[in-house]
Amino acid sequence: MACWLMKSEPDECSVEDALAAPNATVPWVGVRNHQARNFMRDAMRVGDPVLFYHSSCAVPGIVGTARVASAACTDPTQFDRSSRYFDPSSRPEQPRWLMVDVQVIRKIPTITLPQLRARPELDGLGVLKKGNRLSITPVSESHWRAIVAGLG
DNA sequence: GCCAACGTTGGC
DNA sequence: GCCAACGTTGGC
């Protein structure tokens, strides 16, 4: 079992949006990076713990805990011409992009980037690395424990 | 809006 | 296969 941090733009799908969805579960569509896709395809398992992260917004940070709720499957938005995630070079007989379902477990008070950086035990957390752009990053078990400890 | 970092594209 | 140009991400 691995732990993960998954970025979402709250304008697109916030943790509140996900909580309001049926079963608090949303399809994690729109991943268009091969490395992130390969994590979903090769390493994610149903039940893996997830940190829900808000990016490209006023207060970026970890905003909730969640779990992987499905195996990787074809991301339908790659074939949807009206979607911002449409990929004209992806063929239905050989889909290029995958998604998983993500089920929010709970919303937490936002843990901001400065708050995360202030904790030496979180050194090396993927989202804190300079230049990090990956929308899905693995989280070590010790980092996971440190982050969720004391959430009450 | 700026800009660093990084991925992708395409000419050669 | 190299690499310059370009596009995107994402914090600030």
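Letters go in sequence order (proteins before strands), and every chain restarts at 1.
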Using atom CG of A/D11 as one end and atom C1' of C/dG10 as the other, report the distance to the nearest whole Å.
13 Å
Just the rounded figure in Å: distance from P of C/dT9 to CG of A/N33.
10 Å
Spacing of A/R84 atom CZ relative to C/dT8 atom P, expressed in whole Å
11 Å
Got a sec: does the CD of A/E141 have more than 12 other heavy atoms crowding it under 6.0 Å?
no
Could you tell me how far apart A/L116 (CG) and C/dC12 (P) are, to the nearest whole angstrom?
11 Å
Using only side-chain N and O atoms of A/K130, determine if any of them is under 4.0 Å from OP1 or OP2 of B/dA4.
no
Over 60° means perpendicular and under 30° means parallel, so tell me whether A/F52 and A/W28 are parallel, tilted or perpendicular.
perpendicular
Respond yes when some side-chain nitrogen or oxygen of A/Y53 is under 4.0 Å from OP1 or OP2 of C/dT9, and no when none is.
no
Roughly how many Å is it from CD in A/Q35 to C1' in B/dT8, rounded to a whole number?
14 Å
Separation of atom CZ in A/R96 from atom C1' in B/dT8, rounded to whole Å:
12 Å
For A/L134 and B/dG7, give me the distance from atom CG to atom P, rounded to whole Å.
8 Å
Taking all atoms of both residues into account, what is the closest heavy-atom pair of A/T74 and A/M99, and its distance?
O-CG, 3.7 Å
Integer-rounded Å distance: B/dC3 C1' and A/N132 CG:
16 Å
Should we say atom CD of A/E93 is surrounded by more than 12 heavy atoms from elsewhere, each under 6.0 Å from it?
yes
Think A/H34 has a side-chain N or O under 4.0 angstrom from the OP1 or OP2 of B/dT8?
yes
B/dG7, C/dC12, C/dG10: which one has an atom nearest the side-chain heavy atoms of A/K7?
C/dG10
